[in-house]
Trainee: 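This is the structure, below, for whatever I ask next.
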There are 2 protein chains.
Amino acid sequence: MTFMTVDSRTVSQAGEDAMVAAICQIIDPHNAEHAGLLLGPGDDAAVLSCTSGQPVLTTDTLSADQDYRRTWWEGRPMEEWPRDLGTKAAAQNLSDLNAMGATPIALLVSLTLPPEFTVQWVQDFYAGVVRACSQPGAMGCAVAGGDLGSGADMSVTITAVGEPHQPGRLLRRSGARPGDILGVCGRLGYAAAGLALLEQAVASADRGAGLEVQGAAAGLLAECLEAQKRPQPPLTAGAAALRAGATAGMDLSDGLLRDAGRLARASEVKITLDEAALNAEARSLEPVAQHCEGAPYSAASDWVVSGGEDFGLLATFPSPAELPEGFRIIGHVAETAPGESAGAVLPGWTGAPGWDSMRG
Amino acid sequence: MTFMTVDSRTVSQAGEDAMVAAICQIIDPHNAEHAGLLLGPGDDAAVLSCTSGQPVLTTDTLSADQDYRRTWWEGRPMEEWPRDLGTKAAAQNLSDLNAMGATPIALLVSLTLPPEFTVQWVQDFYAGVVRACSQPGAMGCAVAGGDLGSGADMSVTITAVGEPHQPGRLLRRSGARPGDILGVCGRLGYAAAGLALLEQAVASADRGAGLEVQGAAAGLLAECLEAQKRPQPPLTAGAAALRAGATAGMDLSDGLLRDAGRLARASEVKITLDEAALNAEARSLEPVAQHCEGAPYSAASDWVVSGGEDFGLLATFPSPAELPEGFRIIGHVAETAPGESAGAVLPGWTGAPGWDSMRG
């Protein structure tokens with residue numbers, strides 16, 4: 001048994017070779033059980049085993065102040081900030097693989113840090129990455145290392161590699177057909193509700209005991225904060241959807257209405273979202289809206305319809321179909337009328353369409 | 001034929017979906033010829049063909065002010081800065097694959113930009129990435145897209161995916177054996193000399209005509225500046241080294257002495273660099289040192305022995321061996337003496353060991 005001490009050296013004091021060793025302390029025990037990693041950190045590149053011969057790849061960056069604020073973790077235990085960042089950076093990439101119906105093999109991490117960050121911070125960050133790779137649906141995912149560099153601001157880019165269960169069998173955006181039903185797996189609007197709580201300085205809510213809310217709502221608020229800070233995408237849903245005969249799928253990263261529009265355009269169909277179903281989803285977030293000072297009357301609906309970063313899975317299924325566990329029906333697919341463009345609509349909706357990574 | 005106009009919209013005016021279309025304008029013609037890209041940009045993830053079943057992966061980040069300065073391109077045509085960055089970000093990753101003896105299949109790009117950057121800038125950047133993938137040794141490499149986001153500072157992370165020519169046959173750091181000879185392919189010290197020229201405000205040298213240097217030296221200075229701003233690693237050298245029976249290899253990113261030390265430790269041997277050979281290499285850079293005001297007497301040797309970012313290939317070969325074209329002998333491998341640690345030495349050297357990405 002090793003007695004763990006906090007390594008408070010800065011990364012610049014430790015230097016590159018010591019940092020690689022410190023990272024390996026965290027990821028080696030995790031990787032030991034992963035047959036997909038043929039060669040891990042320490043050489044010029046990592047080597048994976050991908051028996052299908054069809055690696056599936058995605059990459060995503062988290063930047064300070066764009067994707068999170070340091071102040072969201074004020075008053076929290078020191079290790080929570082880097083762990084949550086590591087988990088979120090990994091989870092958003094694993095979510096993309098899930099949305100293809102692909103099984104994750106490994107992650108590569110490129111971490112840029114101001115030189116005053118500590119070795120302990122980096123180890124906690126990697127512990128967060130390992131945590132994301134210990135969830136159902138990602139347990140076969142190794143952490144293959146990557147790159148570590150200095151910069152004025154912290155930023156992290158993770159690349160996730162997976163493969164189809166069967167070569168050529170993937171969940172694409174372009175397969176939805178008129179008559180299909182639209183299902184979703186995972187919470188809608190929780191991450192946006194968490195963001196609103198964090199941004200509206202209701203950060204004290206995060207401290208649990210300090211929050212004056214009766215039982216049920218306190219749990220709900222904590223769930224929303226978690227959805228924003230350390231999301232847990234439903235990583236078995238993509239494979240389950242494929243098994244159930246799903247025709248198309250994608251993950252929810254920029255809001256339901258915007259993402260459903262993308263799926264509709266890729267499939268050249270019209271998707272109509274179900275107002276009653278989404279109203280029911282919004283009602284479950286009303287207690288959070290009531291805790292956000294100055295939130296508009298429509299806040300809960302806004303979160304459900306256009307809130308980003310839910311990392312749930314949107315998928316279409318032939319009708320009638322038995323949806324896999326965790327999926328619920330939220331719309332249906334039809335042909336576009338003559339002269340009508342492909343896209344998604346929500347009858348009666350006049351709010352924002354969703355998040356745009358270049359516009360905010 | 002399309003008449004190309006400058007797209008001066010900012011990325012935030014254009015929005016995410018228009019940016020994806022603008023990027024595809026640049027990369028689609030390049031990708032059309034690449035059978036290794038089964039599914040390109042537009043879905044949740046890219047899908048590659050990797051017939052060996054052993055994808056080789058590496059990732060690397062370029063950050064503003066850490067890896068380059070905007071001022072290096074002052075007075076140069078507008079498109080040169082983004083093109084050079086795209087080329088360099090791609091080249092340093094392709095160099096890692098080369099150092100494994102792997103053939104590149106595809107690159108993934110994650111680009112973070114301040115919102116005032118233009119669509120044209122992004123297209124020029126991708127044109128630079130495509131340029132790097134049009135070099136000998138990388139012509140089979142597609143640009144599989146990636147992620148685009150906003151941030152206070154520009155930063156780019158590229159992930160390169162390749163595969164071995166034969167499954168399991170790779171150039172690792174750990175195979176050097178006592179009795180081997182150490183060879184290098186690619187220029188030594190040119191990138192560091194270019195950095196010195198750029199940093200010491202001899203930037204006017206870059207303007208060609210404005211430089212008062214006689215023929216030969218002007219060409220040499222331009223070559224050093226290019227080595228720093230848009231490196232061209234010898235991307236066929238890895239495969240050639242493997243064919244010639246190389247026992248170990250790695251790319252030169254942090255300086256010859258430091259990197260040779262890493263190879264030596266991975267192989268548990270002692271590497272002695274050849275003073276005479278390195279002196280000859282340094283002599284070729286003397287004309288550059290003479291143009292760097294205030295450069296120490298040892299500048300040219302410093303660049304050759306400890307200058308970073310050369311992206312050449314260091315490899316060990318059984319002796320006697322006929323080295324592949326472009327390689328020259330710069331050292332030899334021996335057993336460590338009893339009590340001696342594995343590592344690299346250069347007799348008589350008292351300068352810096354090399355670049356440390358966390359310390360500078």
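In what follows, chains carry the letters A, B, and so on, assigned in the order in which the sequence lines appear, proteins first and then strands, with residues in each chain numbered from 1.
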Trainee: Yes or no on side-chain contact (heavy atoms from CB on, under 4.5 Å) for A:M19 and A:V122, after CA distance, side-chain angles and deciding distance?
Mentor: CA-CA 8 Å; A:M19 286 311 306; A:V122 176; 3.7 Å; yes

Trainee: To the nearest 0.5 angstrom, please state how far the CG atom of A:L113 sits from the OG1 atom of A:T118.
Mentor: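 These two atoms lie 9.5 Å from each other.
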
Trainee: Which residues from residues 99-112 of chain B are near chain A, with near meaning under 4.5 Å between non-hydrogen atoms?
Mentor: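 So the qualifying residues are B:A99, B:M100, B:L108, B:V109, B:S110, B:T112.
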
Trainee: Side chain, backbone, both or neither: which part of A:S63 has a non-hydrogen atom closer than 4.5 Å to chain B?
Mentor: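 For A:S63, side-chain heavy atoms alone lie under 4.5 Å from chain B.
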
Trainee: Taking B:D254 first and then B:R262, would you say they form a salt bridge - that is, a charged N and a carboxylate O separated by under 4.0 Å?
Mentor: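 B:R262 and B:D254: salt-bridged.
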
Trainee: Taking side chain as everything from C-beta outward and backbone as N, CA, C, O, which of these in B:L39 sits under 4.5 Å from a heavy atom of chain A? Side chain, backbone, both or neither.
Mentor: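 Contact with chain A is through the side chain of B:L39 alone.
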
Trainee: So what's closer than 4.5 Å to chain B heavy atoms on A:A266: side chain, backbone, both or neither?
Mentor: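 For A:A266, no heavy atom lies under 4.5 Å from chain B.
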
Trainee: Taking atom CD of A:Q54 and atom SG of B:C50, what is their separation to the nearest 0.5 Å?
Mentor: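 Atom-to-atom, A:Q54:CD and B:C50:SG are 10.0 Å apart.
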
Trainee: Side chain from CB out, backbone as N, CA, C, O: work out which of these in A:L38 comes under 4.5 Å of a heavy atom of chain B, or both, or neither.
Mentor: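 Just the side chain, heavy atoms under 4.5 Å.
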
Trainee: Counting heavy-atom pairs under 4.5 Å with chain A, which one of B:D153, B:L57, B:V161 comes out on top?
Mentor: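 Ranked by contacts with chain A, first place is B:L57.
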
Trainee: Please test A:R265 against B:D17 for side-chain contact (heavy atoms from CB on, under 4.5 Å), starting from the C-alpha separation and ending with a verdict.
Mentor: CA-CA 12 Å; A:R265 285 190 297 278; B:D17 294 337; 3.8 Å; yes

Trainee: Only one of A:T59, A:T61, A:D147 forms a side chain to side chain donor-acceptor pair (under 3.5 Å) with A:T157, so which one is it?
Mentor: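 Among the candidates, only A:T61 passes.
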
Trainee: A:T316 and A:T247: side-chain donor and acceptor closer than 3.5 Å?
Mentor: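 A:T247 and A:T316 do have a side-chain donor-acceptor pair below 3.5 Å.
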
Trainee: Would you mind checking which part of B:S155 comes under 4.5 Å of any heavy atom in chain A, side chain (CB onward), backbone (N, CA, C, O), both or neither?
Mentor: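 For B:S155, the side chain is the part near chain A, not the backbone.
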
Trainee: Kindly determine whether B:L62 and B:Q92 satisfy side-chain contact (heavy atoms from CB on, under 4.5 Å), including the steps that lead there.
Mentor: CA-CA 10 Å; B:L62 277 187; B:Q92 66 183 15; 3.9 Å; yes

Trainee: As an exercise: rank B:D65, B:L170, B:V47, B:L171 by heavy-atom pairs under 4.5 Å with chain A and give me the winner.
Mentor: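 It is B:V47.
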
Trainee: Picking from A:A64, A:G53, A:P167, which has the most non-hydrogen pairs under 4.5 angstrom with chain B?
Mentor: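 Most pairs with chain B among the choices: A:G53.
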
Trainee: Please, which pairs that meet salt bridge (Lys or Arg N to Asp or Glu O under 4.0 Å) have at least one residue in residues 36-57 of chain B, sequence neighbours excluded?
Mentor: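 Checked against salt bridge (Lys or Arg N to Asp or Glu O under 4.0 Å) - neighbours excluded - the pairs reaching residues 36-57 of chain B are A:R172-B:D43, A:R173-B:D43, A:R173-B:D44.
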
Trainee: Over 60° means perpendicular and under 30° means parallel, so classify the ring planes of B:W121 and B:F117, tilted if in between.
Mentor: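 Ring orientation of B:F117 relative to B:W121: perpendicular.
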
